[in-house]
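Read through the structure below, which is laid out as structure tokens, and then see the notes.
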Amino acid sequence: MTGIGNIQLAWRNLWRNRRRSAATILSLAFGFAAVALFAGYTSAVYVALSNAAIHAELIGHLTINRQGWQTEGKLHPDKYLLTADEIRQVQAIVEKRLPGARLIPKLSATGLLSNGKSSTIFVGAGIAPADLDLLRGPFRFAPGALKEEQPQGVTAAQGLADVLGLKIGDSASVLASTLHGQANASDVDIADAVNTGNVATNDKLMLMPLALVQDLMDAKGRAETLTVLLPGEGHADSADAQGRLRDMYTRPAPSEVQSVAVRDQLSADFKAAGLDMEVRTWQEMSAFFRQVKGMYDMIFALMLSVVLAIVVLSIANAMSMAVVERTREIGTLRAIGVRRSGIARLFVNEALMLVLVGTVTGLLLTAAVRWGVNVADIRYVPPSNTQSVPIYIGFDLPRTAFAAGVLAVLAVFAAYWPARRAAHHSITASLGHV
Amino acid sequence: MSTPSPLSGTTPATGAASGPLLSLRGIEREFALGETRIRALRGIDLDVAPGEFMAIWGPSGSGKSTLLNLLGLIDAADKGVLRFEGQDVSQLSDDALSDCRNHKIGFVFQSFNLVPVLTALENVALPLQVQGVKPAEVRRRATEWLGHVGLGEFLDFRPDRLSGGQRQRVAIARALVGAPRLLIADEPTANLDSQTSREVIDLIERLNRETGVTCIFTTHDPRLLARVPRQLRLQDGLISQDSYQEAA
């Protein structure tokens, strides 16, 4: 090559002052790596939280119930519970719209759980054992499953069992109101006791076979909510515990846009069929997910702003010094006919080269730290949780690319202004600069 | 012995028939030095014909460099009219002035002013790249010019590996590679020993003769003045002497 290309020239100029360029590139790389790592960590947390909401909290992907059930359902259960015929209609519509999706009827009951001597409040979630297995997806290997062969078998939250001194294999009684307001009791067997991982539910929750809850409430064949599990979910989990953990952090749930689109399609189908149903997405159902995501998004924005400010100031400082040091050269280039815009372009290219080298270094740093953290299996107990979870760092391509893009744009501005100022200097003054 | 000009086919026109290359009328230039106003040029009238070889000399502070900067279109007069090929340069935009310098004027500086990160070949290629000449042509012309100034073996050398005289030769090749009408040299021999100074002036003189490029340079060295056909002496911002002589 004879004449030097813009990129090659920018590269050579970058290394005129090696120490300064290296310091700028390192600050850029560390800042960018911090942003990329945090973005990767939060995105993995979002995926894990979404899977926890869908499969551990048993929210599923979509929740269908009669319109008004949320506000009036507890007051008038008979009016708002879905009938067997309605469930079949909904089933047909869901199968047509979402082939392969599973519809899971659920019915909840509240009342008293007694060991014969004392009693306490329970919140029972009624679900068929096979459906529970399906809905739990990656969690189905964990304790807490219901069994078809134990029609009276329930899984009590560990705290609830502890309050009444119940152990696995013990029998107890539940007392609840039927749809018509009459008291009804039933015997249950404590088939399992598990820590729910949440202090708010660990002393109340009880998983019960759907048929048992329907009997207790005198609501045979009825359900209050129908949970939709979208196709492709719940069947292809990794066989080993480590793999399932990875699934938790890496298997993304449907995005808000996708969920809303499916919700709207189903709502329209129900309306067309004359069914007065309300459909909610898992994002709408999980307040905890929304709150955590909102908090992390805010922290990310704040962190990105701080890192960008520091990095851009560093680039601006490096470019300003480069412009001052090369004032005489700028004068020479202007004298041989380079336009002012050409001078600005020269320094902008150098700033972009800085960003390119810095972000590539930052990405390598990110990959190294990410690998180290994920292998180290570092654990912590999140707020409201009772069990530790590992820190897992994913890779959030959209937000990492966004950060790199913003850096590039700001670097252009950081380089353009000092270069423009220098290009507007008098040529004779620039040539006389020492 | 003369070598064929690498500018064959692009040699600037010579002779007075086409009118003066440069025409200055009533040129004044002032500078501010703190509270003091310094009148560097107090009213210069001057015509420079195409192909002339001219030296500007005079004591320090006489206005030599100021006049040279104006002639090279890198500075603007406060008063008066400067015409380059008949065009009043005060009417040109900054971009038009840049293009004019790129296509029609070559500069040689006292301190060479080569770009340190570029090789000799890349330095010489710069004006052609700015013009947008195709890479193959850029290489051909830059290589030819470096050969012409005796640096054909130093194409890939960066300035820090060249001697002062070699650097100035690279600067001369850079100044002339674009086939300019005018070569401006501000004390081109000031940083060179006397032998190298003579060689550089020999080179400029030869190129003036072969290419017809108009050459104007400033100098303090009386030995060099003796070799220049036209000598313009400045004193206190005015032309005190404008003389012609047979070149030595």
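Heavy-atom basis, side chains included; hydrogens, waters and symmetry copies ignored. What you see is a predicted model, and the numbers here were worked out from it, not measured in a lab. Order of the sequence lines fixes the chain letters, A, B, ..., with proteins taken first and strands second; residue numbering starts at 1 for each chain.
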Any side-chain donor paired with an acceptor under 3.5 Å for A/Arg340 and B/Ser98?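 Looking only at side-chain atoms, B/Ser98 and A/Arg340 do not form any donor-acceptor pair under 3.5 Å.
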Measuring from atom [atom1] of [X] to atom [atom2] of [Y], what distance do you get when rounded to the nearest 0.5 angstrom?
X        : Y        : atom1 : atom2 : value
B/Asn123 : A/Ile336 : CG    : CD1   : 8.0 Å
A/Glu329 : B/Leu114 : CD    : CG    : 10.0 Å
B/Phe112 : A/Thr332 : CZ    : OG1   : 12.5 Å

Quick check: are there more than 12 heavy atoms from other residues, nucleotides or ligands sitting under 6.0 Å from [atom1] of [X]?
X        : atom1 : value
A/Glu256 : CD    : no
B/Arg37  : CZ    : yes
A/Trp15  : CH2   : yes

Over all heavy atoms of both residues, which pair between B/Phe109 and A/Ala335 is shortest? Give the atoms and the distance, please.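 Looking at all heavy atoms of both residues, the closest pair is CZ-CB, 3.9 Å.
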Least distance between heavy atoms, A/Arg12 atom then B/Thr119 atom: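 Smallest interatomic distance, heavy atoms only, reads NH1-N, 4.3 Å.
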Heavy-atom pairs under 4.5 Å with chain A are the metric here; pick the option from B/Asn69, B/Asp75, B/Asp95 that has the most.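 Highest number of heavy-atom pairs under 4.5 Å: B/Asp95.
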Which of the residues B/Ala175, B/Pro116, B/Pro127 is involved in the greatest number of heavy-atom pairs with chain A at under 4.5 angstrom?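 If we count pairs closer than 4.5 Å to chain A, B/Pro116 comes out on top.
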Go through the steps to decide whether A/Leu333 and B/Val130 satisfy the test side chain to side chain contact (heavy atoms under 4.5 Å, CB included), and finish with yes or no. CA-CA 10 Å; A/Leu333 293 174; B/Val130 176; over 6 Å; no
Would you check if A/Leu431 and B/Asp186 make a side-chain contact, meaning some heavy-atom pair closer than 4.5 Å?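 SC-SC contact between A/Leu431 and B/Asp186 ruled out.
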Is any side-chain heavy atom of B/Arg101 closer than 4.5 Å to a side-chain heavy atom of A/Ile427?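 In contact.
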Heavy-atom distance under 4.5 Å to chain B: side chain of A/Arg334, backbone, both or neither?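 Both parts, backbone and side chain.
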Could you walk me through whether B/Asp94 and A/Arg339 pass the salt bridge (charged side-chain N to carboxylate O under 4.0 Å, His left out) check? CA-CA 8 Å; B/Asp94 189 76; A/Arg339 293 182 177 188; over 6 Å; no
